[in-house]
Novice: 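Starting off with a structure, shown below.
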Amino acid sequence: MPPSRLSFQLEAQASDSRARAATFQTLHGVIKSPLFMPVGTQATVKAQLPEALEAAGSQILLANTYHLLLRPGPEVFRKMGGIHRFMKWPGSVLTDSGGYQIFSLPHSRSMTEAGAVFQSYVDGQRILLSPELSIQTQMAIGSDIMMVLDQCIPSTADEKAARAALQVTQRWAVRSLAAREESPQSMFAIVQGALYPQLRRESAEGLMQMPFDGFAIGGLAVGEAKQEREDVCELTAALLPADRPRYLMGVGTPLDVLEAVHRGVDMFDCIIPTQVAKRGSCFTSRGIVELRRSVYKFADEPLDPMCSCPVCAKYSRAYLHHLTKTQEPLGWQLMGQHNIHFYHELMREIRQSILEDRFLKLYQEKRQ
RNA sequence: GGGUAGAUGCCCGAGUGGCUAAAGGGGGCAGACUGUAAAUCUGCUGGCUAACGCCUACGCUGGUUCGAAUCCAGCUCUGCCCA
């Protein structure tokens, strides 16, 4: 296999856990893992300024090919010189392929060998999202890391459906690599196979034959129990090459992330920190704080006294409570900023503990 | 002073003889959200009780009726119009 385009460097491997710390190089800079990618579906992390993300320690954002294909469309990215310049984000970007939208969008129509047929929610037109169109779009967007189009199915799917999905994903992976042509962008493959160990193995082994720059674990956090998720994650991560980043797609809660790092995963993304911020839920050193609760009406204290983020330095719980109750956009912004900071701080803490080979201890403390 | 419209649960508001502890909102309480179409979705929300059930409730007082938030009378208060 050719060397990864990401120059993946393993820095530390925990002695009593599969947790590991690494650095790698994208077209936009050096990245340190384990890491969390805020989700910026539509070329914006909802309610967040790029400078706030940068200050919180975001290294790489996730954007979505399907949504950006529909609007503003690839030609805008070509004209504007790519997503980084377009949204004024200096860091790295990973684009998801649209595979998840096959699973999540109500207007998805049909799956064929050619691709997935959607009805656009923008103008109703039928769109065939093929592996080639996904990659061409991701090239236009200009992300640092492209994802292959995969067929994401509910984790509770039966074996026959799961096998079919992973086999399609496999063939689409071949086509995706070919579609990249001369682009310097990196590309990750996605392991599928629902909750069947044999299928996960089959999927991983097939994809590892091809020169991908990293490997993702897909099809989790889509209906299975926590224990099942962790088992499949553990099994799959162990199959993947040690010299490539491992990315658990769409996961998860802080605890999910901790569990997955322990099982050898390097990269994560999740909508949770920005999604729940909209409804006033915040992660703190003392657990989740639901700021919509009236008990915070007169709470003249920071959201989390242990937190070093600008929001906790400046604003009271009472103010954040008020912003949530009145559904003021600033509340979403501030609480999202805090939550993203919380995730990054967690990842920094995890990474530092791995570098000092005390991850397992941290893991055990955090699980309590 | 005269006329007229109204007074419903924490708030707004529907109901206009029995199916009404009373629609629907809001507020409150609780929960969900994991590669984000959708600031969304789901419970509960008079009191006591584990529950059966009991009590209290549609401005106040009385009346009609087997039965009244709903009909009648008087009163109180509020909005609007006229003097």
Novice: If you check every side-chain atom of A:Asp96, which of B:A30, B:G28, B:U36 has the closest atom?
Specialist: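 The answer is B:U36.
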Novice: Using the C1' atom on both, measure B:A7 against B:C44 and round to a whole Å.
Specialist: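 These two C1' atoms come out 29 Å apart once rounded.
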Novice: For B:C41, give its Watson-Crick or G-U wobble partner with both distances under 3.5 Å, or none.
Specialist: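 In the structure as shown, B:C41 has B:G31 as its Watson-Crick or wobble partner.
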Novice: Looking only at atom P, what distance separates B:G13 and B:A51, rounded to whole Å?
Specialist: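 So the two P atoms sit 34 Å from each other.
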Novice: From CE of A:Met335 over to C1' of B:A39, roughly how many Å is that when rounded to an integer?
Specialist: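 Interatomic distance, CE of A:Met335 to C1' of B:A39: 11 Å.
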Novice: Mind checking the C1' distance from B:A68 to B:G3? Whole angstroms is fine.
Specialist: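 Those two atoms are separated by 29 Å.
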Novice: Respond yes when some side-chain nitrogen or oxygen of A:Lys278 is under 4.0 Å from OP1 or OP2 of B:C33, and no when none is.
Specialist: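 Checking B:C33 against A:Lys278, no side-chain N or O comes under 4.0 Å of OP1 or OP2.
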Novice: In Watson-Crick or G-U wobble terms, both distances under 3.5 Å, what is the partner of B:G1?
Specialist: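 WC or wobble partner is B:C82.
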Novice: Round to the nearest Å and state the distance from A:Ile271 atom CD1 to B:C41 atom C1'.
Specialist: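 For the pair A:Ile271 CD1 and B:C41 C1', the rounded distance is 13 Å.
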Novice: Between B:G35, B:A39, B:G28, which nucleotide gets closest to the side-chain atoms of A:Gln327?
Specialist: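 Between B:G35, B:A39, B:G28, the one nearest the side chain of A:Gln327 would be B:A39.
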Novice: Under 30°, 30 to 60°, or over 60°: which ring-plane class applies to A:His28 and A:His84, parallel, tilted or perpendicular?
Specialist: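 Because their plane-to-plane angle is under 30°, the rings of A:His28 and A:His84 count as parallel.
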Novice: Measure the acute angle between the ring planes of A:Tyr315 and A:Tyr319, then classify it against the limits of 30° and 60° as parallel, tilted or perpendicular.
Specialist: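 Aromatic pair A:Tyr315/A:Tyr319 classed parallel.
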Novice: Taking atom P of B:G31 as reference, at what distance in whole Å does atom CD1 of A:Ile288 sit?
Specialist: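 One finds 10 Å between P of B:G31 and CD1 of A:Ile288, rounded.
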Novice: Quick one: does A:Thr65's side chain have a donor or acceptor within less than 3.5 Å of a partner on A:Asp96's backbone?
Specialist: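 Side chain of A:Thr65 to backbone of A:Asp96: a pair is present.
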Novice: What nucleotide among B:A30, B:G35, B:U34 has an atom nearest to a side-chain atom of A:Thr253?
Specialist: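 The answer is B:U34, which lies nearest to the side chain.
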Novice: OP1 or OP2 of B:A38 less than 4.0 angstrom from a side-chain nitrogen or oxygen of A:Lys46, does that happen here?
Specialist: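 For B:A38, OP1/OP2 do have a side-chain N/O of A:Lys46 under 4.0 Å.
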Novice: If B:A69 has a Watson-Crick or G-U wobble mate with both distances under 3.5 Å, name it; if not, just say none.
Specialist: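 For B:A69, the partner nucleotide comes out as none, under the 3.5 Å rule.
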Novice: Tell me which nucleotide among B:U34, B:G35, B:G31 gets nearest to the side chain of A:Tyr100.
Specialist: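 Of all the options, the side chain of A:Tyr100 is nearest to B:G35.
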Novice: Reckon A:Gly99 touches a base, only the sugar-phosphate, or nothing at all at heavy-atom distances under 4.0 Å?
Specialist: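 Answer is nothing: A:Gly99 stays at 4.0 Å or more from every strand.
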Novice: Would you say A:Arg293 reaches B:G31's phosphate, i.e. side-chain N/O to OP1/OP2 under 4.0 Å?
Specialist: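 Looking at the OP1 and OP2 atoms of B:G31, one of them is under 4.0 Å from a side-chain N or O of A:Arg293.
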Novice: Between B:G26 and B:U78, how far is it from one P atom to the other, in whole Å?
Specialist: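 One P to the other, the span is 32 Å.
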Novice: Determine the contact category for A:Arg71: base if any of its heavy atoms lies under 4.0 Å from a base atom, sugar-phosphate if only primed atoms, P, OP1 or OP2 are that close, otherwise nothing.
Specialist: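 If one applies the 4.0 Å heavy-atom cut-off, A:Arg71 turns out to touch nothing in the nucleic acid.
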Novice: B:U34, B:U36, B:C33: which one has an atom nearest the side-chain heavy atoms of A:Val276?
Specialist: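 Of the options given, the side chain of A:Val276 lies nearest B:C33.
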Novice: Check the distance between B:U36's P and A:Asp269's CG and give it to me in whole angstrom.
Specialist: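 Answer to the nearest Å: 7 Å.
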Novice: Nearest-Å distance, CD (A:Gln42) to P (B:G35)?
Specialist: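 Value for this atom pair: 14 Å.
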Novice: On a whole-Å scale, what distance lies between the P atoms belonging to B:C29 and B:C82?
Specialist: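 To the nearest whole Å, 47 Å.
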Novice: Over how many whole Å does the gap from A:Phe268 atom CZ to B:G35 atom P extend?
Specialist: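 That distance rounds to 13 Å.
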Novice: Name the pairing partner of B:C54, where a pair is Watson-Crick or G-U wobble with both distances under 3.5 Å, or state none.
Specialist: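 Result: B:G47.
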Novice: For B:C29, does either OP1 or OP2 sit under 4.0 Å from a side-chain N or O belonging to A:Ser294?
Specialist: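 Affirmative; the distance criterion is met.
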Novice: By nearest nucleotide on RNA chain B, pick out whichever of A:Glu290 and A:Ala63 is the more 5' one.
Specialist: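 Closest to the 5' end, via its nearest nucleotide, is A:Glu290.
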Novice: Give A:Lys226 one of three labels, base, sugar-phosphate or nothing, depending on what nucleic acid heavy atoms sit under 4.0 Å from its own.
Specialist: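 Since no nucleic acid heavy atom lies under 4.0 Å of A:Lys226, the category is nothing.
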Novice: If you measure from the C1' atom in B:C12 to the same atom in B:A23, how many Å do you get, rounded?
Specialist: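 Comparing C1' positions in B:C12 and B:A23 gives a spacing of 14 Å.
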Novice: Can you see whether A:Gln138 engages A:Thr95 through a side-chain donor-acceptor pair at a distance of less than 3.5 angstrom?
Specialist: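 Yes, side-chain donor-acceptor contact under 3.5 Å.
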Novice: Looking for any heavy atom pair under 4.0 Å, which part of the strands does A:Glu230 touch: base, sugar-phosphate only, or nothing?
Specialist: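 If one applies the 4.0 Å heavy-atom cut-off, A:Glu230 turns out to touch nothing in the nucleic acid.
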Novice: Using salt bridge (charged side-chain N to carboxylate O under 4.0 Å, His left out) as the criterion, list what pairs up with A:Arg317, not counting sequence neighbours.
Specialist: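 Applying salt bridge (charged side-chain N to carboxylate O under 4.0 Å, His left out) to A:Arg317 gives A:Glu301.
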Novice: What's A:Leu248 touching, base or sugar-phosphate or nothing? Going by heavy atoms closer than 4.0 Å.
Specialist: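 Touches nothing.
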Novice: Indicate whether OP1 or OP2 belonging to B:A32 is found under 4.0 Å from a side-chain N or O atom of A:Gln275.
Specialist: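 Indeed not, no polar side-chain atom of A:Gln275 lies that close.
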Novice: Judged by atom type as modelled, is there a donor-acceptor pair below 3.5 Å linking the side chain of A:Thr137 to the main-chain atoms of A:Leu133?
Specialist: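 Flag set: sc A:Thr137 to bb A:Leu133 pair under 3.5 Å.
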Novice: Distance check needed: B:A39 P versus A:Leu323 CG, whole Å only.
Specialist: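 About 18 Å, once rounded to whole Å.
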Novice: In whole Å, what separates the P atom of B:U61 from that of B:C77?
Specialist: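 Result for the P pair: 16 Å, nearest Å.
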Novice: Looking at A:Gly250, is its backbone amide N or carbonyl O close enough to the side chain of A:Asp269 to form a donor-acceptor pair, meaning the two atoms are under 3.5 Å apart?
Specialist: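 Yes: the side chain of A:Asp269 pairs with the backbone of A:Gly250.
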Novice: With a 6.0 Å cut-off on the ring centroids, do A:Phe298 and A:His321 count as close?
Specialist: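 Centroid separation for A:Phe298 and A:His321: 6.0 Å or greater.
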Novice: Which whole number of Å gives the distance between the P atom of B:U64 and that of B:A30?
Specialist: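 Looking at atom P only, B:U64 and B:A30 are 49 Å apart.
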Novice: From the options B:A37, B:A30, B:A39, select the nucleotide whose nearest atom is closest to the side chain of A:Gln101.
Specialist: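 Closest nucleotide to the A:Gln101 side chain: B:A37.
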Novice: Under 4.0 Å between a side-chain N or O of A:Ser104 and OP1 or OP2 of B:G35?
Specialist: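 Checking B:G35 against A:Ser104, no side-chain N or O comes under 4.0 Å of OP1 or OP2.
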Novice: Answer with yes or no whether A:Asn64 presents, from its side chain, a donor or acceptor under 3.5 Å of a partner atom in the base of B:G35.
Specialist: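 Under the 3.5 Å cut-off, the side chain and the base do not form any donor-acceptor pair.
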Novice: Write down the partner of B:A7 under the Watson-Crick or G-U wobble criteria, each distance required to be under 3.5 Å.
Specialist: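 Paired with B:A7, as far as the under-3.5 Å criterion goes, is B:U76.
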Novice: To the nearest angstrom, how far is A:Tyr66 atom OH from B:G35 atom P?
Specialist: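 Distance, rounded to whole Å: 17 Å.
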Novice: For A:Glu328 and for A:Leu62, locate the closest nucleotide of RNA chain B by heavy-atom distance; then report the residue assigned to the nucleotide nearer the 5' terminus.
Specialist: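 This one resolves to A:Leu62.
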Novice: Going by the angle between their ring planes, with limits at 30° and 60°, are A:Tyr363 and A:His262 parallel, tilted or perpendicular?
Specialist: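 Parallel, since the angle between the ring planes stays under 30°.
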